[in-house]
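Down below is the structure, laid out as structure tokens.
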Amino acid sequence: MTSVRVRFAPSPTGFLHVGGARTALYNYLFARSRGGTFVLRIEDTDAERSTEASVQAILNGLRWLGLSWDEGPGVGGEHGPYFQAQRHTRYARVAEQLSAQGRAYPCFCTPEELEARREQQLARGEDPRYDRRCRTLSPAERAARAALGLRPALRFALPEESQEVAWDDVVRGRVAFRSDVLDDFVLLRADGLPTYNFACVVDDLEMRISHVIRGDDHISNTPRQILLYEAMAASPPVFAHASMILGPDGKRLSKRHGATSVEAFGDQGIIPEGMVNFLALLGWALDGQTEIFTLAELEKVFALERVNPNPAVFDTQKLAWVNAQHLKRLDEADRVARVMAFLSTRGHRLAERGPDWCTAFVRALGDRIRTLADALEVGAFVLEDPPPMESEAWAELLGRAGAAERLQALAVRVRETREWSLEALEAGTRSLANELGVKPGEVIAPARVALTGRKAAPGIFEVMWLLGRDTVVARLEAAAVRWRAESPLAARV
RNA sequence: GGCGCUAUCGUCUAGGGGUCCAGGACGGGUGGUUCUCAGCCAUCAAACCGGGGUUCGAAUCCCCGUAGCGCUACCA
């Protein structure tokens, strides 16, 4: 019985990108759905680009999504360390074995020489590949070069005979390469640090990884890795290559498409539930019908075999919709807490108005917010005093005959309203319209503009209630005054 | 250039030879509900990349082409 062990192995060179997040999610879901172990390993062999800040950003991104790891940074485990930078002696040991077996050899070519040769090959129309000149160096020649102080890199010795290297990819079926399209790639750099392919194989082997789930940009690395497993007399794990996530232009998603880190989406008001659900759907479907899932539900129904091999375009519209679905499914207290937390990051401290007010506020926002950030827009009437006046809304109000009188009358009515409740406010407004002989909308529409500065807003009585008597009266009167001053319909004195 | 992967509505996808004149969802159009918007309900438009095969029968299998993407580093 082989237990399922998967890993997410990001290199800490930036934030957690949505592509990486989806890979992490698929790994996590596969582990959970199979009762397996989800390992987090940091691939920081590139000291130039790796930073501690990135490590933290990635961990935070995973935590935000709710993807907890069973082994890795912060939680430990039996197969650590989980930072490649701390595993050098292991790579060196394996490298030595490979060398002893004749499957690896030192290469004294300098990067400059290699680059020059590569260009020559290209110029001749050949495929740029290492010419293996150091592979046949005699021990004496090697010693001579080392004596000159030259630091060699260690290269993998590909099989002499070309062979087919193939595997059954869980998402793509059988994939095959001929080994002669490969070259003797570097295992250890001259500075002794392992390259990706080498470290990856050593670690996956030592960490007993059973399934490697990653992006399809690794497909062409897979034959190299399989050859390494063979050289190490080990059987390779099962591979599953999910495809890339593309931008709206069909190109691989990148920074120029705007936000691509999960953190940035959080800043835009996407909640983890929405992000996880949307990411899951990007390349996977349960039945083509069900769209909304919680992480817990995904853990039960996710199947790697149902991951789709074609590249998916990241559609922010659908993300917003999925997010909205989760937002409306949150229980009220939770939704209120999240909206308040989001707004406070933008400097709006609403908590001091009391829990009842906050609940009413979020209730008033209702389904008008697809993301938490929408609360900034939809709730602007209460977030700013006065809120910005949309010129189009004001222009329309100016063209409405008798608007000032109605606003004025409503101000009086509101001032006189004894009970500050939605019901009383609505009754007062409707009876006023009735007394004025106009439809309720004739009073409500001007009031909406006066109170919110917009033509579209939450229910007018909720708006009034939230604003409070003084503010409502003040905005109504101010609008009436301004209307009289600016409207061509105003009677001039 | 070489190698590889992919190819169903604008987008995410269901579909694994007949039950598909291709289903769902986002987005879009229209109508209804309503104080506006949103939401909700109803409804419409919208796709099997092209060409060959295989088969009684192909969206489904094979081949070729085309297109997109990926890799082609002492990056991961």
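On a predicted model such as this, the values are computed, not experimentally measured, just so you know. So you know, we letter chains A, B, ... as the sequences are listed, proteins then strands, and number each from 1.
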- Task: Sort out the partner of B/G39 for me: Watson-Crick or G-U wobble, both distances under 3.5 Å, none otherwise.
- Result: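 Pairing partner, where one exists within any strand: B/U33.
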
- Tell me the partner of B/U11, counting only Watson-Crick (N1-N3 plus N6-O4 or O6-N4) or G-U wobble (N1-O2 and O6-N3) with both under 3.5 Å; none if nothing fits. B/A25

Return all side-chain donor-acceptor pairs below 3.5 angstrom for residues 274-286 of chain A, not counting sequence neighbours, or 'none' if the list is empty.
from, atom 1, to, atom 2, distance (Å)
A/N277, OD1, A/F293, N, 2.8
A/N277, OD1, A/H326, NE2, 2.7
A/N277, ND2, A/E291, O, 2.9
A/W284, NE1, A/A303, O, 3.4

- Item | Heavy-atom donor-acceptor pair, A/R151 side chain to A/A190 backbone, under 3.5 Å | no

- Message: Taking only side-chain N and O atoms of A/N308, does any of them lie within less than 4.0 angstrom of OP1 or OP2 on B/U8?
- Response: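 False: A/N308 side-chain N/O out of range (4.0 Å or more) of B/U8 OP1/OP2.
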
- Atom CG of A/L422 to atom C1' of B/C35: distance rounded to whole Å? 13 Å

- Between B/A47 and B/G1, how far is it from one C1' atom to the other, in whole Å?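 Their C1' atoms lie roughly 34 Å apart.
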
- Query: When the C1' atoms of B/C69 and B/A59 are considered, how many whole Å apart are they?
  - Reply: 23 Å

- Query: More than 12 foreign heavy atoms under 6.0 Å from CZ of A/R132: is that the case here?
  - Reply: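 Yes.
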
What N/O pairs connect the protein and nucleotides 45-50 of chain B at under 3.5 Å? Give each pair on its own line.
none

For nucleotides 68-70 of chain B, which of its nitrogen or oxygen atoms have a protein nitrogen or oxygen under 3.5 Å away, and what is each distance?
from, atom 1, to, atom 2, distance (Å)
B/C69, OP1, A/K251, NZ, 2.1
B/G70, O3', A/R252, NH1, 3.2

- Between residues 456-466 of chain A and RNA chain B, which residues have a heavy-atom gap below 4.0 Å?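 Of all residues in residues 456-466 of chain A, the ones placing a heavy atom under 4.0 Å from RNA chain B are A/A456, A/A457, A/P458, A/G459, A/I460, A/F461.
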
Any N/O pairs under 3.5 Å between the protein and nucleotides 59-65 of chain B? List them or say none.
none

- Item | Parallel, tilted or perpendicular, as decided by the 30° and 60° cut-offs, for the rings of A/F185 and A/F156 | tilted

- Report yes or no: is there a donor-acceptor pair, N or O only, under 3.5 Å between the side chain of A/R448 and the base of B/C35?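 It does, because a donor-acceptor pair links the side chain of A/R448 to the base of B/C35 below 3.5 Å.
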
Could you go through nucleotides 40-44 of chain B and list every protein N or O atom that sits under 3.5 Å from one of its N or O atoms, giving the distance for each pair?
none

